[in-house]
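Only a predicted model underlies this, so the values are computations on that prediction, with no experimental measurement involved. Numbers restart at 1 for each chain; the letters A, B, ... are given by sequence-line order, proteins then strands.
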Number of protein chains: 2
Amino acid sequence: MRVLLHPAEDEIRLENLFHALSDPARLEVVRTLIALGSEQSCNSLGEAMAKSTFSHHLKVLRESGVTRTRVSGTHRYVTVRSDELNRRFPGLLDLVERSGPPTLTEAAAAALSAARA
Amino acid sequence: MRVLLHPAEDEIRLENLFHALSDPARLEVVRTLIALGSEQSCNSLGEAMAKSTFSHHLKVLRESGVTRTRVSGTHRYVTVRSDELNRRFPGLLDLVERSGPPTLTEAAAAALSAARA
DNA sequence: TTCAATGGTCTACGATCGTCGAACTTGGGA
DNA sequence: TCCCAAGTTCGACGATCGTAGACCATTGAA
């Protein structure tokens with residue numbers, strides 16, 4: 001893929017966001033991204049599923065406007081479009097963040113460490 | 001159907017809410033319910049689709065925890081579970097409400113009037 | 001220039017979804 | 001009682017979704 005499609009801020013539609021976030025695997029990815037706070041490499045997430053499945057989920061998240069993917073060499077870096085989403089749909093990311101387990105940050109970090117090992 | 005299933009407040013899960021609200025028809029129903037503010041009879045909504053389709057959508061909304069359906073004789077009355085949702089997922093209904101067309105209340109009322117005529 | 005690594009594309013599969021018609025159930029009159 | 005009106009359930013259909021294996025494209029390093 002030469003160009004990664006991202007909707008413009010004013011093209012982001014709530015139905016699409018809801019659909020993207022209605023899958024447990026994708027919701028978990030977004031929660032993890034929020035919890036970790038910074039840009040993440042694709043291969044540091046989604047260790048639990050096949051590459052193609054994870055790639056598909058990232059595509060859904062990207063094309064719905066939840067995430068932005070930056071290409072750098074052979075790596076892709078994923079971020080949540082927090083500023084734009086908070087501007088256009090204030091409160092949505094807070095919902096996602098607060099819907100997770102109480103100690104999400106630690107849990108996510110532990111899961112990541114385990115996945116990397 | 002003898003008993004209508006409603007999840008308890010603490011059984012409402014965000015994924016299910018997102019899934020329920022990811023369909024344009026259901027989102028529109030919820031928006032209309034919010035805009036009109038009060039309990040609505042089933043047959044005053046969903047005039048645009050088949051009875052069975054509308055019944056299905058109401059079931060999804062009900063079983064995900066978005067709405068509550070009260071039975072009175074041959075009629076069903078639908079409400080949005082605003083208090084519970086605002087307590088458990090604060091901001092979610094605001095998102096839905098604000099994502100609609102600017103003059104939603106008037107538009108919904110006009111649509112209802114037209115549908116009733 | 002070859003090679004390994006990263007990650008996307010293609011294809012296929014079963015599962016779920018949205019839609020609707022038809023038949024059914026329930027309750028309230030005439 | 002008989003009948004209609006309001007909704008639900010059932011069965012079917014095509015469309016979309018989530019999943020994964022196999023293959024491909026690009027990059028950076030040896």
Please identify each residue that fulfils salt bridge (charged side-chain N to carboxylate O under 4.0 Å, His left out) with Arg81(A), with sequence neighbours left out. Glu84(A)
If the sugar-phosphate is the primed atoms plus P, OP1 and OP2 and the base is the rest, what is the B/S/- string for nucleotides 13-20 of chain D, using protein heavy atoms under 4.0 Å? ----SSBB
Per the ring pair (Phe, Tyr, Trp, His ring centres under 6.0 Å) rule, what does the pair list look like for residues 13-44 of chain A, sequence neighbours excluded? Phe18(A)-Phe18(B)
Do any N or O atoms of the protein come closer than 3.5 Å to N or O atoms of nucleotides 3-6 of chain D, and which pairs are they?
residue: dA6(D); atom: O3'; partner: Thr74(B); partner atom: O; Å: 3.1

Name all pairs fulfilling the ring pair (Phe, Tyr, Trp, His ring centres under 6.0 Å) condition that reach into residues 62-86 of chain A, sequence neighbours left out, sorted by first residue then second. none
With sequence neighbours excluded, what pairs up with Asn43(A) under the side chain to side chain contact (heavy atoms under 4.5 Å, CB included) test? Ser41(A)
Measure CG/Leu5(B) against P/dT8(D) and give the value in whole Å, please. 12 Å
Could you give the OH-to-C1' distance, from Tyr77(B) to dT8(D), as a whole number of Å? 17 Å
Side-chain contact, heavy-atom cut-off 4.5 Å: Leu58(A) with Thr69(A)? no
Whole angstroms only, please: what is the CG-P distance between Leu61(B) and dG18(C)? 10 Å
Using the test side chain to side chain donor-acceptor pair (under 3.5 Å), find all partners of Ser72(A) that sit at least two apart in sequence or belong to another chain. none
Which pairs count as ring pair (Phe, Tyr, Trp, His ring centres under 6.0 Å) when at least one residue sits in residues 45-74 of chain B, sequence neighbours excluded? none
With sequence neighbours left out, what residues match Thr74(A) under side chain to side chain contact (heavy atoms under 4.5 Å, CB included)? none
